[in-house]
Amino acid sequence: MCILFAILELLFGIVAAVVILSYAIAWYEYANREPVLMQERFVPGRLWFAAKLITTETLLLFVTVLLHPLGWFSFKEKPATDGGDTPVLLLHGLFHNRACWLWARFRLRNRGYKALYAINLPPWYDVERLTERVSKKVDELRHSSGVDKIHLVGHSMGGMIARNYIQLRGGEQKVEACVLLSCPNGGSKLVPFALTPLGKHLLPGSEFLQRLAAAPLPTEVRLTAIVNRHDNMILPFENGRLAGVRNIELTGMGHASVLYRSRAIEAIAQSIREPEP
């Protein structure tokens, strides 16, 4: 039991260090860009907001890490054959797995989305192999559910794989709506700290990002980018925006927190909801 608590304590310490360091780097970046922030750094309201932001992100990222082992188990997800719901395929970000969607799935199900699916995207595969895995799952869901198109929701790297699929790999005819949740569409300056070669694709100006930027956006796919102003991993946060699509901006939550916060879940639900006639 003592060993278990020691491991949990170590994990929490690592998570807290990652969150604090990432926000410190983000503060350094923004303070250099907007010197006026220096004058407000010790305002009580600012300090309270920063403490709440870091604490919440640390706790929710820690929960995500604890959920991780659940994503290792393989279980059969039933196809949506009751009522013809359009399947929603959830794609996780770098170093997470499908278990990170547990709470979001629960909240989306309560909003009426019953056909929710998620797959694992191991960080040791290259981006094209991961995109192929998404392509196979999309086809599997279309055939098993008897629908022509599905919805894609990608968090962080998962969103970039979704873009690769619909913009460069011919998936635009099979996707109705695609939601990019806290995705580094313009890359992130924190990428040099990534521990996997997959991260190099998210370096600002990378060959992968240039190919995506040069490719036309699919006109038949309802694309939405959900941007988080206080994201601690997308640096600067404006790199989460995507020109030519609907952009929704959130505030007051970190990169992992968007998987749990009500405003983010509602933004996802709104983005995949059928538009009013």
Side-chain angles (χ1 to χ4, degrees), residues 4-30 47-72 90-108 118-124 153-161 179-184 187-196 198-199 202 226-237 239-240 250-268:
L4 177 61
F5 280 120
I7 293 174
L8 291 176
E9 190 175 356
L10 176 63
L11 281 176
F12 186 81
I14 293 173
V15 167
V18 168
V19 172
I20 291 171
L21 283 174
S22 58
Y23 270 119
I25 295 172
W27 161 254
Y28 174 83
E29 172 75 14
Y30 294 133
L47 291 175
W48 170 246
F49 178 79
K52 190 168 63 170
L53 192 64
I54 291 172
T55 301
T56 304
E57 176 66 7
T58 299
L59 292 175
L60 292 178
L61 181 56
F62 184 59
V63 169
T64 306
V65 172
L66 294 181
L67 290 174
H68 201 85
L70 296 179
W72 300 338
L90 306 168
L91 308 176
H92 62 80
L94 206 56
F95 303 121
H96 294 317
N97 65 22
R98 60 185 179 184
C100 74
W101 291 107
L102 192 63
W103 180 248
R105 290 177 71 150
F106 172 73
R107 298 297 299 273
L108 288 170
I119 58 174
N120 283 337
L121 300 169
W124 52 86
V153 178
H155 174 236
S156 195
M157 186 71 197
M160 303 310 292
I161 293 170
V179 183
L180 310 172
L181 178 64
S182 289
C183 293
S188 173
K189 291 183 178 180
L190 287 180
V191 164
F193 295 105
L195 300 176
T196 167
L198 195 59
L202 305 182
I226 300 176
V227 186
N228 179 14
R229 177 173 284 271
H230 297 107
D231 197 307
N232 55 315
M233 289 295 170
I234 310 300
L235 186 65
F237 82 91
N239 282 1
L250 303 175
T251 60
M253 59 190 84
H255 193 68
S257 299
V258 294
L259 296 168
Y260 300 89
R261 301 296 294 271
S262 296
R263 283 178 290 139
I265 304 296
E266 183 55 35
I268 295 172

Within the supplied structure, the quantity of interest is the number of heavy atoms (other residues, nucleotides, ligands) at a distance under 6.0 Å from Tyr28 OH; does it exceed 12?
no
Leu108 and Trp101: CA distance, side-chain angles, deciding distance, side-chain contact (heavy atoms from CB on, under 4.5 Å) verdict
CA-CA 10 Å; Leu108 288 170; Trp101 291 107; 6.0 Å; no
Residues Ser188 and Ile234: closest non-hydrogen pair is OG-CA, 3.8 Å
List the atom of Asn228, the atom of Phe237, and the distance in Å for their closest heavy-atom pair.
O-CB, 3.5 Å
Whether Asn232 side chain and Gly254 backbone form a donor-acceptor pair below 3.5 Å:
no
Step by step, would you call Arg263 with Met253 a side-chain contact (heavy atoms from CB on, under 4.5 Å)?
CA-CA 10 Å; Arg263 283 178 290 139; Met253 59 190 84; 3.3 Å; yes
Starting from the C-alpha separation in whole Å, work towards a yes-or-no answer on side-chain contact (heavy atoms from CB on, under 4.5 Å) for Arg229 and Leu250.
CA-CA 6 Å; Arg229 177 173 284 271; Leu250 303 175; over 6 Å; no
Are the side chains of Val65 and Leu67 in touch, meaning some heavy atoms are under 4.5 Å apart?
no
Closest approach of Leu91 and Gly158, non-hydrogen atoms and distance?
CD1-O, 3.5 Å
Can you tell me if Asn239 uses its side chain to pair, donor with acceptor, with the backbone of Gly187 under 3.5 Å?
yes
Please find out if less than 6.0 Å separates the ring center of His230 from that of Phe49.
yes
Residues Thr64 and Tyr260: side-chain donor-acceptor under 3.5 angstrom:
yes
Walk me through it: do Val63 and Trp103 pass the test side-chain contact (heavy atoms from CB on, under 4.5 Å)?
CA-CA 10 Å; Val63 169; Trp103 180 248; over 6 Å; no
OG1 on Thr196 to CE on Met157, rounded to 0.5 Å:
8.5 Å
What's the separation between atom CG in Leu53 and atom OG in Ser257, rounded to the nearest 0.5 Å?
7.0 Å
How long is the straight-line distance from CG of Leu10 back to CD1 of Ile14, given to the nearest 0.5 Å?
4.0 Å
What's the shortest heavy-atom distance between Leu121 and His92, and which atoms?
N-NE2, 2.7 Å
Measuring from Leu61:CG to Phe12:CZ, what's the distance to the nearest 0.5 Å?
10.0 Å
Spatial distance of atom CD1 (Ile161) from atom OG (Ser156) [nearest 0.5 Å]:
9.5 Å
Residues Cys183 and Gly159: closest non-hydrogen pair is SG-CA, 3.4 Å
Which distance, rounded to the nearest 0.5 Å, do you find between the CG of Leu198 and the CH2 of Trp124?
11.5 Å
Nearest heavy atoms of Ala194 and Gly199, plus distance in Å
CB-CA, 4.1 Å
Could you walk me through whether Asp231 and His255 satisfy the side chain to side chain donor-acceptor pair (under 3.5 Å) test, starting with their C-alpha distance in whole Å, then the side-chain angles of each, then the deciding distance to 0.1 Å, before giving a yes or no?
CA-CA 5 Å; Asp231 197 307; His255 193 68; 2.9 Å; yes
Per side chain to side chain contact (heavy atoms under 4.5 Å, CB included), His155 is matched among Leu180, Ile268, Leu181 by Leu181
If we ignore hydrogens and angles and just use 3.5 Å, is the side chain of Glu57 paired with the main-chain N or O of Val19 as donor and acceptor?
no
Would you say Val18 and Met233 make side-chain contact, with heavy atoms under 4.5 Å?
yes
May I ask you to decide if Ala16's main-chain N or O and Thr58's side chain share a donor-acceptor pair within less than 3.5 Å?
no
